[in-house]
There are 2 protein chains.
Amino acid sequence: MARIVTIRTVAERAGCSIATVSRVINRSAPTSSEVEARVRTAVAELGFRPSEIGRALKTLRMRTLGVVIPSLTNPVFAASVAGMEGEARRRGHTLLLTATDYEPGREAELVETLVAQNVAGLLLTVADADHNPTLDLLDAEGIAYVLIHNEPAADARAAVCVDNAAATHALTGAMIAAGHRRIAYLAGRFSTSDRSRRRHEGYRAAMEAAGLAPEAPVELDYLGDAPSHAAALAGLFAGAGRPTAALCSNDLLALSVAGALRELGLAVPRDVSLAGFDGIALGRAMNPSLATVDTPTRRMGERAVEMLFAMLEEGEGPRVERLPFTLRPGGTLAAAPKRAVPRNPPSPPTPNPRG
Amino acid sequence: MARIVTIRTVAERAGCSIATVSRVINRSAPTSSEVEARVRTAVAELGFRPSEIGRALKTLRMRTLGVVIPSLTNPVFAASVAGMEGEARRRGHTLLLTATDYEPGREAELVETLVAQNVAGLLLTVADADHNPTLDLLDAEGIAYVLIHNEPAADARAAVCVDNAAATHALTGAMIAAGHRRIAYLAGRFSTSDRSRRRHEGYRAAMEAAGLAPEAPVELDYLGDAPSHAAALAGLFAGAGRPTAALCSNDLLALSVAGALRELGLAVPRDVSLAGFDGIALGRAMNPSLATVDTPTRRMGERAVEMLFAMLEEGEGPRVERLPFTLRPGGTLAAAPKRAVPRNPPSPPTPNPRG
DNA sequence: CTGTTAGCGCCTTCAA
DNA sequence: TTGAAGGCGCTAACAG
């Protein structure tokens, strides 16, 4: 699929050397305006476009950014990739896109594939940023990358994310303020991921601060054609002492849980209040609307690209950048049923701790 | 960001020539099992992975597929790209992803960028497939591509789509069967696109078949931060003779129109019935749920890649492949209000004309 | 200001 | 079975 027109074709047509053609194209050195004109005409007439391959062979760098995400089907990742694409394009780069389909084992292989394509750098969402051989390898080889959505423990790795713990802390606070006392924590896949850990941590801290007993995450598989979570949740939501609220580690999981609760004959929010995390559009449209944490997903994608270029071009060091989030109220989060009658909420949740 | 390990490093370590290393790696010629073993050990120890650039310079083809879509933010395109990615990965290829942000003028530039990267082929969703200089150029240069979502008039261009006219015909039929007589047709951007034309055509045919007057498409800009369509629709939906139903050329537009109607004090579906096109998940979750045409978006992406490889490897010629769709009933499409009392629906809509 | 030339990493004849 | 060498398209260092 390559054009037959090379820099040599242009040089012949313009009656000069290939070096001059290269100089004109890249403005890498001054050229006489007369020759330049001839070259430009030749380029235009032949429809010449320099091969990125040839250039890359020399510079050892393609003008592409490698992307690894779990799945494009999740609107959260689709939005951040959209942000990356726009920002990359503004900088003359293209995305090489790959997805793990939520199989962390595929991360290493995909990264290798991308590196073999001599990408300028990588944008990754991995299962666990804190304990990850693939990232260690990239560090060792000095290959630039920025994590997105992941929240590494230390600034040793570049990342763009939100303060996950602060967000679930605020969300849990809202539930407690609404009178809930027994609040379950439901986690999707990647429950061992850094995000999930952080999110559970914020939940736990909020519960303990209110003198309530935090619960261990209930792990659910929110993907694929899994019939439903009803069976998995039946035990937890049986009996009088059942949770009156559930915090889900992400929005897609929350939607799925909402369906499962309905199957179990429980009404949201009358019997059980629900909240998610991410802020996907779907949550806004459903009825009742989903209470969640709104994250600036698209902006995170843009920011990740900006940060990657800062590392690439200005030699900036890695750091974790936390973007502001907002609590999004929703119909799925209501006052706790009877028994636990809330007084006036002791401390209303701060909508956005980080401005 | 390239590794420092080249084929030469491996050759030194294995104590042989680079030609032999190449032969072992690609099994392009027989090698003694002893040397082969040494090479494989060296490759493993050094973590060597042959550069795609070097290979491509020789073969003039990278193992990448170029993708151009309007926007990843629309779940329809996100889903088809997800399908492409999976299928491409299964075939050892990666996607080079770009988006036009709904500016048809950008198509040419993006395609050029991708071609300059020596992609093996292209997967495109363009504004208008029937009248498109960029596609003409690709044809002229013999660069393989498959359109997706587009529905070209002739088989001269390879495409994977649904039968847009049949789908809107069926949908319009459902509205007529529900007693609607004045049905508006609302089109989003790309209203001059092949898809939009086909869809309007199906609507028109169904209206005429029922002895009703089809209306010209009302063009709306459903994108960006556009305040709302309320102003644009105020005239159309004023007065007693206003439409009792509206067909929107896609789901995202339908969601936006639903909001606008609400602003105008009109209830959906009590005052106005609504239907979309595509079958995005959002439509299912909203309340009332959106009546629409369900299209096998992900499968279309996979199929497009399959078709591209068939052209690339088996020299197959271009053809338009229409995948089956289904009518999805939804709460937004109800019986027409009072005045127009439907007798028993004359001809119930056929849910899926193409199986 | 311009031309010549040496690679970049790999594959592929051509010889040995 | 293996090695040496040329060349893919381009950039950059060096002459002129």
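Proteins come first, then strands; the chains are lettered A, B, ... in the order of their sequence lines, and each starts at number 1. Because only heavy atoms are used, hydrogens play no part in the values below, and waters and symmetry mates are left out as well, while side chains stay in. Not measured: the values here are computed from a predicted model.
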Euclidean distance, atom CZ of residue B:Arg38 to atom C1' of D:dG3 [Å, nearest integer]:
13 Å
Separation of B:Gln117 atom CD from D:dC10 atom P, in whole Å?
13 Å
Starting at CD1 of A:Ile7 and ending at C1' of C:dT5, how long is that distance when rounded to a whole Å?
14 Å
Which nucleotide sits closest to the side chain of B:Val35: D:dA4, D:dT2, D:dC10?
D:dT2
Proximal nucleotide (of D:dA4, C:dT2, C:dC10) relative to the B:Ala19 side chain
D:dA4
Taking OP1 and OP2 of C:dC11, is either one under 4.0 Å from a side-chain nitrogen or oxygen of B:Ser22?
yes
So, for B:Met307 and B:Val160, which heavy atoms are closest and what is the spacing to 0.1 Å?
CE-CG2, 3.7 Å
What integer distance in Å separates A:Leu60:CG from D:dC10:P?
16 Å
Answer yes or no: is there a donor N or O on one side and an acceptor on the other, between the side chain of B:Asn150 and the main chain of B:Val126, under 3.5 Å?
yes
Using a cut-off of less than 4.0 Å, is there contact between a side-chain N or O of A:Ser32 and OP1 or OP2 of C:dT2?
yes
Specify the separation, in whole Å, of atom CD1 of A:Ile53 and atom P of D:dT11.
13 Å
So do A:Arg91 and A:Arg63 actually touch side chain to side chain, heavy atoms under 4.5 Å?
no
Is there a donor on the side chain of A:Lys58 or the base of C:dG7 sitting less than 3.5 Å from an acceptor on the other?
yes
Respond yes when some side-chain nitrogen or oxygen of B:Ser17 is under 4.0 Å from OP1 or OP2 of D:dG3, and no when none is.
yes
Rounded to the nearest Å, what distance is computed from the CG atom of residue B:Leu46 to the P atom of nucleotide C:dG9?
14 Å
Would you call A:Arg299 and A:Glu306 a salt bridge, taking side-chain N to carboxylate O under 4.0 Å as the test?
yes
Closer to the 5' end of DNA chain D via nearest nucleotide, is it A:Arg55 or B:Glu36?
B:Glu36
Choose from D:dT2, C:dC1, C:dC11 the nucleotide whose nearest atom is closest to any side-chain atom of A:Pro30.
C:dC1
If you look at every heavy atom in A:Ser80 and A:Ile148, which pair is closest and at what distance?
CB-CD1, 3.7 Å
Position toward the 5' end of DNA chain C (nearest nucleotide), B:Arg23 or B:Pro50:
B:Pro50
When you match A:Gly54 and B:Thr20 each to their closest nucleotide on DNA chain D, which lands nearer the 5' end?
B:Thr20
For B:Leu57 and D:dT11, what is the distance between atoms CG and P respectively, to the nearest whole Å?
12 Å
Whole angstroms only, please: what is the CZ-P distance between B:Arg49 and C:dC10?
12 Å
From the list C:dC11, D:dG9, C:dG9, which nucleotide is the closest neighbour of the side chain of B:Ile18?
C:dC11
